[in-house]
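Below: the structure, in structure tokens.
Per chain, numbering begins at 1; letters A, B, ... match sequence-line order.
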Amino acid sequence: MSDTRITRRIARRSLHRSRSAAVIVVLCSLALVAAWVGTESVLAAVGAQPLIVAPATAVEFLNTDGPVLVAGAIGAVVIGLVLLLIALSPGRRSRHLLAHDRMVIVVDDDVLAGAVGRTARETAAVPESRVRTSVSARRATISVVPSSGIPIDSAAVRTSASALLERLNPRPGVRVDVSVSRAGVVGS
Amino acid sequence: MTSSNRIANRVIIALVGVLLLAAGAWVLLRSYPGVAPTLTLPDPGLPDATFLWSTAAIAALLVVASLGWIVTRGRGRVATLAESRDDAGVTTVDSRVVADLVADALAPQLDVVGVHATAFQLKRRPALELRVTARTGADLPRLIDAMTVVIDDLDVVIETTTPVLLHVASGVRASLAHNTRIA
């Protein structure tokens, strides 16, 4: 396998969930149910007492029309749909891929937010507690609370944050949104 | 990073989902045949000996297959990152050595709280995963530059260029840790 393909494979596997946890839960449940059904079948076949419900009784129950059965069926449909959703959804993790020519670099969105926030804080010259940054798949949102009477140059903050992001070059691409709150805080 | 077959995971989940969906739909359609009158559904009938034994056999198969698949999850990690043979003998590089090397190189960085290295195999080729836990508000470009130097040095030392995955992670403890202040 060529190097770029390995790189791409590593990147893809780091950015998406493997669904191993989900498959373990599903298969454990399946194994439990199968074990129970199998035990009941064997017990019925050799003519012994059933563990919980004998197969004949179970099949008869399936032929009836009770609300319990309907509720169970609806539950099965819901769980089935949820499982299909889990199987088909991409399962993106909150991470971004950074460009680098030697390594495959994957950063948690929290770390990316921290770096962007640090730059914003330095540009805005306010204490750490006044800047809140969050990073989603395609957006970095910076909220700054200024000191009373000292205006914040939000364009400068946006420029420096964008410059940092350009240098890091995250994939998927991240836009910067800066919001400066109207109400300032007294003191430094 | 593991070598799990992710597509197979999803296929299995989808299969079980479809099965549940079908079973639930079958029961509902039996109770309310007015919804789809053209659908003829099989009658379960009463279980006889063959039915019981075949059910038991299928159940046993499911149990074995499920447990078998569960056990294969999480494989792929290896201890050795690289191995080279020459006339003098065999040299292996253990992933823990790599972790120590990287941790040493990152020691002057205040932004790094932890380093964890694992070697794994991807399509039979070794690769290195480095998980670096960074403090909140870490200087990313500086961290990446420091890592580049480390990896370049590593390439020289082990004489091969292995694919490297650098995962810069945030830790809950990292965000609670304070910067050391030198008053």
Problem set entry | Exam field: side chain A:Arg19 to backbone B:Ala8, donor-acceptor pair closer than 3.5 Å | no

Exercise. So how far is it from B:Glu129 CD to A:Arg13 CZ, rounded to the nearest 0.5 Å?
Worked result: 11.0 Å

Problem set entry | Among B:Leu62, B:Ile151, B:Asp152, residue most engaged with chain A (heavy-atom pairs, under 4.5 Å) | B:Ile151

Exercise. Do A:Val33 and A:Val53 share a hydrophobic cluster, counting only Ile, Leu, Val, Met, Phe, Trp and Tyr and linking them when any side-chain heavy atoms are less than 4.5 Å apart?
Worked result: yes

Problem set entry | Choice from B:Ala23, B:Ala60, B:Pro141 maximising heavy atom contacts with chain A below 4.5 Å | B:Pro141

Problem set entry | Nearest non-hydrogen partners of A:Leu83 and B:Ile13, listed with the distance | O-CG2, 3.3 Å

Problem set entry | Test item: A:Asp108 side-chain N/O and B:Ser170 main-chain N/O as donor-acceptor pair under 3.5 Å | yes

Problem set entry | Minimum-distance pair of heavy atoms, taken over all atoms of B:Leu28 and A:Ala73 | CG-CB, 3.7 Å

Seminar exercise, completed: Highest number of heavy-atom pairs under 4.5 Å with chain B among A:Ile24, A:Leu81, A:Val37 belongs to A:Ile24

Exercise. How far does CG of A:Leu168 sit from CD1 of B:Ile144, to the nearest 0.5 angstrom?
Worked result: 5.5 Å

Exercise. Below 4.5 Å, heavy atoms only, C-beta onward: do B:Leu165 and A:Val106 meet side chain to side chain?
Worked result: yes

Exercise. Same cluster for A:Trp36 and A:Leu43 if Ile/Leu/Val/Met/Phe/Trp/Tyr side chains link at under 4.5 Å?
Worked result: yes

For this session: Pick one of side chain, backbone, both or neither for A:Leu85, based on which atoms fall under 4.5 Å of a heavy atom in chain B.
Result: neither

Exercise. Looking at B:Thr148, B:Val11, B:Ile7, which has the largest count of heavy-atom pairs under 4.5 Å with chain A?
Worked result: B:Thr148

Exercise. Is atom CZ of A:Arg132 surrounded by more than 12 heavy atoms (other residues, nucleotides or ligands) closer than 6.0 Å?
Worked result: no

For this session: Show your working on side chain to side chain contact (heavy atoms under 4.5 Å, CB included) between B:Leu52 and A:Val42 and close with a plain yes or no.
Result: CA-CA 7 Å; B:Leu52 287 174; A:Val42 169; over 6 Å; no

Exercise. Once you round to the nearest 0.5 Å, how far does CG of A:Leu164 lie from CG of B:Leu140?
Worked result: 7.5 Å

Exercise. What closest approach, in Å, do B:Arg10 and A:Pro90 show between heavy atoms, and which atom pair accounts for it?
Worked result: NH2-O, 3.1 Å

Exercise. Do the side chains of A:Leu84 and A:Ile74 join up, straight or via other hydrophobic residues, at under 4.5 Å, putting them in one cluster?
Worked result: yes

Problem set entry | Single-linkage hydrophobic cluster, 4.5 Å side-chain cutoff, A:Ile86 and B:Leu15 together | no

For this session: Report the option among A:Ala115, A:Ala11, A:Gly72, A:Gly117 that has the most heavy-atom pairs separated by less than 4.5 Å from atoms of chain B.
Result: A:Ala115

Seminar exercise, completed: dist A:Ile79:CD1 -> B:Leu21:CG (nearest 0.5 Å) comes out at 11.5 Å

Problem set entry | Path from A:Leu27 to A:Leu32 over hydrophobic side-chain contacts below 4.5 Å | no

Exercise. Would you say the side chain of B:Val27 lies within less than 4.5 Å of the side chain of A:Leu69, judging by non-hydrogen atoms?
Worked result: yes

Problem set entry | Validation row: B:Leu20, A:Val77 side chains within 4.5 angstrom (heavy atoms) | no

Problem set entry | Contact origin within B:Ala138 toward chain A - heavy atom pairs under 4.5 Å | backbone

For this session: Identify which of A:Ala113, A:Ala22, A:Ala87, A:Gly91 forms the greatest number of heavy-atom pairs closer than 4.5 Å to chain B.
Result: A:Ala87

For this session: Can you measure from CZ (A:Arg118) to OG1 (B:Thr136) and round to the nearest 0.5 angstrom?
Result: 11.0 Å

Exercise. Looking at A:Ala34 and B:Val63, what are the two nearest heavy atoms and their distance?
Worked result: CB-CG2, 3.8 Å

Problem set entry | Interchain contact, A:Arg121 with chain B, by part (heavy-atom threshold 4.5 Å) | neither

Seminar exercise, completed: Looking only at heavy atoms, the pair that brings B:Asn9 and A:Ser20 closest together is ND2-OG, 3.1 Å

For this session: Heavy-atom distances under 4.5 Å only: say whether A:Val26 touches chain B with side chain, backbone, both or neither.
Result: side chain

Seminar exercise, completed: Smallest heavy-atom separation, B:Pro163 atom then A:Arg102 atom, equals CA-NH1, 4.3 Å

Exercise. Which distance, rounded to the nearest 0.5 Å, do you find between the CD1 of A:Ile10 and the CZ of B:Phe120?
Worked result: 4.5 Å

Exercise. Between A:Ser14 and B:His167, is any side-chain donor less than 3.5 angstrom from a side-chain acceptor?
Worked result: no

For this session: Measure distances from B:Thr161 to the heavy atoms of chain A and classify the residue's part below 4.5 Å as side chain, backbone, both or neither.
Result: both

Exercise. So does A:Arg139 have more than 12 non-hydrogen atoms from other groups sitting under 6.0 Å from CZ?
Worked result: no

